[in-house]
2 protein chains.
Amino acid sequence: MGKVTIKDVAREAGVSISTVSNALNNVDVLTPETKKHVLEVAERLNYVPNLNGKLLKSGKTKLLGFFTTSVAGPYFYTLVESMSRECDRLGYGLSVLVTKDKQVIMNNILGGRVDGVIIFEELKINDHDIAVMAKNKIKAVFLDRVVQNETMGSIIFNSFEGGYEATKYLINLGHRKIAYISGVDTMFDSVERREGYVAALQEANFPIDQDYFLQGYFEEEGSYNAVKSFLHMHPDKVPDAFLAGNDLSAIGCIRALKSQGYEVPRDISVVGFDDIDIAPYFSPPLTTVRNQIARQGILVVNHLIRMIQKKEQGTVERLDVELVVRGSSQVKSGRHDPV
Amino acid sequence: MGKVTIKDVAREAGVSISTVSNALNNVDVLTPETKKHVLEVAERLNYVPNLNGKLLKSGKTKLLGFFTTSVAGPYFYTLVESMSRECDRLGYGLSVLVTKDKQVIMNNILGGRVDGVIIFEELKINDHDIAVMAKNKIKAVFLDRVVQNETMGSIIFNSFEGGYEATKYLINLGHRKIAYISGVDTMFDSVERREGYVAALQEANFPIDQDYFLQGYFEEEGSYNAVKSFLHMHPDKVPDAFLAGNDLSAIGCIRALKSQGYEVPRDISVVGFDDIDIAPYFSPPLTTVRNQIARQGILVVNHLIRMIQKKEQGTVERLDVELVVRGSSQVKSGRHDPV
DNA sequence: GATTGCTTTGAAAACGTTTTTATAGTATGA
DNA sequence: TCATACTATAAAAACGTTTTCAAAGCAATC
């Protein structure tokens, strides 16, 4: 039972409350005998310290919050698993809150339920919200936007680089007509990746065709629909290659292409983003830009805890990406478009 | 700042602490003017109640723990998302702890960090651990084993039924040689599903062939390897159909079959388990036994909170399953085994 | 032998709430 | 008019800790 309090232990051991507290917290001030005796009594009574009492006093919760609009998909579960492990290692808990209601997130952030927050919420939190958080000295690390001030930072992927490298790779394979399947236009990674893509095209003096900007919402089905309807609307502009905003989009894209009789990579190359766990096992195995998701989880937890414990300033860290060439892309070859 | 306390509001409003508390908590005892005034002051000062203070009083943490060995894969993220949403709806937080170290789990359970726990940990928690938890009146709900006592219950899938129905379905399609790809032999769902499978075979007076028990560890790659090596070792016993312990195994199985030149479902039928979110979009779309994963998440949270708040006894609830027929299975037709 | 200083322990305050109890003030009734 | 009852608010206790400060005991020093 959680009913045994420090008072009970004190009474039973015949000492004061403060002595019990000191004994339990290894404050090096008691005689070994006293300490031993107290600990024995505590053990015998099955004493378990009440967390709320502790926390009320210290003003800390030893809990980090992960506030997000979703945990679905490989990116998130890899991230959550990594963050949870790191939190546990460092003596913190990880509280996961999935909601699309921004106000719920803000209330939880400001309510002091957690010592710090990790936020992924697709940019619906605006500058005003951030200002409020800053004023309240909330410790926060963002995964999907760049924020930097006294108490807030970001750990993000070098998505611009990724988009640029992947596009350049496709260009070098001989592809000319390259389409980009974005997430949502407000999503940081999606935009950065597209900008890298545009930069590579411009560098190669290729035209930028707005028709080649598809919207797949970073989901398998969204991408499938986008690609399918594109092929339907622009049968004359079938791309040589697709750069998908993430691997799920790549998978949806490939499914759409297959359904229209195209073979990947023979007819059309497809490159994804993330290198999610199933990417190597997909058929064909995905060529993709690897994001160090697990590493992001570790870094974000450490950065947050440093800000909490050592009052460190927030920083922005960008994780390097790496192109992983597998089976979904190849040198451009003459394609016979199916009818 | 999180520094504004109820005292500050009281001073600023020129009333007592208790009046502020009553105003904030809608205790119907104040004059409307007083209440309004207090609320305005609180608003103006950006007062946010300190959670630890509240909780200390109530003796609760308003936090549920989800302790698991992994959150990877569609089953888990669907579950976590569902549990998180339900927790939020009911005013609780969800603390996720991913670890394979049983002792870490036990310490967290007994440490009073949370009001109740949801446990999925592949049966490494033994009867003794459960007895300890019972003695300490820990509120717990298990997802992967049957436990029932004063403070513990289970919400599980009707896996035996599922295995039985799926197997019967395959038999009715005309398949004779049906293999089962299990998870690990200690995993509850895996075992139950297999027992249902065996029961259906026996009912049909089919022989039970131990060679047809494959082990795929509930993972895509594990299943791929198991199927591939089976085909290699028993080229004379190629099954008519595979019943996979979960959808990931089914996907790995199909990939292995394709790699050996078999086409699904033309040559071999494959049935999975779970109906994960990508099952309808896979190629071919998976025939599978649907588990109500999101519903499991909702039920487990509610059951736990009922035990916490209303001192209800633990119960065991089994969720019905449903066979969803899609494209990965069909009536047996003469197959020409590839060379 | 008194003073100082150190060691060990205890008493009490503090954290921010909610809840219980007390105290004015006001209305009601005979 | 005075007791009674009720209302609105305030004061104080309580939740379970940690921490600060005081006190007591004792050894060492002069």
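Labels below follow one simple rule: chain letters A, B, ... track the order of the sequence lines, proteins then strands, and each chain is numbered from 1. These values consider heavy atoms only, across backbone and side chains, with no hydrogens, waters or symmetry-generated copies.
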- Task: Please list all pairs passing the ring-ring contact (aromatic ring centres under 6.0 Å, His included) test where one or both residues lie in residues 64-91 of chain A, with sequence neighbours left out.
- Result: A:Tyr75-A:Phe120, A:Phe76-A:Phe120, A:Tyr77-B:Tyr77
- Item | Side-chain N or O of A:Thr31 closer than 4.0 Å to phosphate OP1/OP2 of C:dT8 | no
- Item | Passing option when A:Leu64 is tested against A:Ile308, A:Val114, A:Val300, A:Val117 for side chain to side chain contact (heavy atoms under 4.5 Å, CB included) | A:Ile308
- Nearest-angstrom distance from the residue atom CG of A:Leu24 to P of C:dT9: 14 Å
- Message: If the helix axis at each end comes from five base pairs, how far does the helix from C:dG1-D:dC30 to C:dA30-D:dT1 deviate from straight, to 10°?
- Response: 70°
- Query: Got more than 12 heavy atoms from elsewhere within 6.0 Å of CG, B:Asn25?
  - Reply: yes
- Task: Could you tell me which non-hydrogen atom of B:Ala23 sits nearest to which non-hydrogen atom of B:Leu30, and how far apart they are?
- Result: N-CD1, 3.6 Å
- Message: Just to verify, what does B:Asp101 make a salt bridge (Lys or Arg N to Asp or Glu O under 4.0 Å) with, not counting sequence neighbours?
- Response: none
- Query: Looking only at heavy atoms, what is the nearest atom pair of A:Lys60 and A:Leu55, with distance?
  - Reply: O-CD2, 2.6 Å
- Query: For A:Asn25, which contact category applies under a 4.0 Å heavy-atom criterion: base, sugar-phosphate, or nothing?
  - Reply: sugar-phosphate
- Query: Please give, in whole Å, the distance from D:dG16 C1' to B:Lys54 NZ?
  - Reply: 19 Å
- Whole Å only: how far is the NZ atom of B:Lys57 from the C1' atom of C:dC15? 14 Å
- Please state how far atom CG in A:Asn22 lies from atom P in D:dT19, giving the value in whole angstrom units. 9 Å
- Item | Candidate nucleotides D:dT18, D:dT9, D:dT17, ranked by approach to the side chain of A:Asn50 - the nearest | D:dT17
- Query: Can you name the nearest heavy-atom pair linking B:Ser154 to B:Val147, along with the distance?
  - Reply: OG-N, 2.9 Å
- Query: Taking OH from A:Tyr47 and P from D:dT18, how many angstroms apart are they, rounded to a whole number?
  - Reply: 6 Å
- Message: Measure CZ/A:Arg11 against P/D:dG16 and give the value in whole Å, please.
- Response: 12 Å
- For B:Ile17 and D:dA10, give me the distance from atom CD1 to atom P, rounded to whole Å. 11 Å
- Message: Please confirm whether the shortest side-chain N or O distance from B:Ser18 to OP1 or OP2 of C:dT19 is below 4.0 Å.
- Response: no
- Message: Tell me the interatomic distance from B:Leu30, atom CG, to C:dG25, atom P, rounded to whole angstroms.
- Response: 18 Å
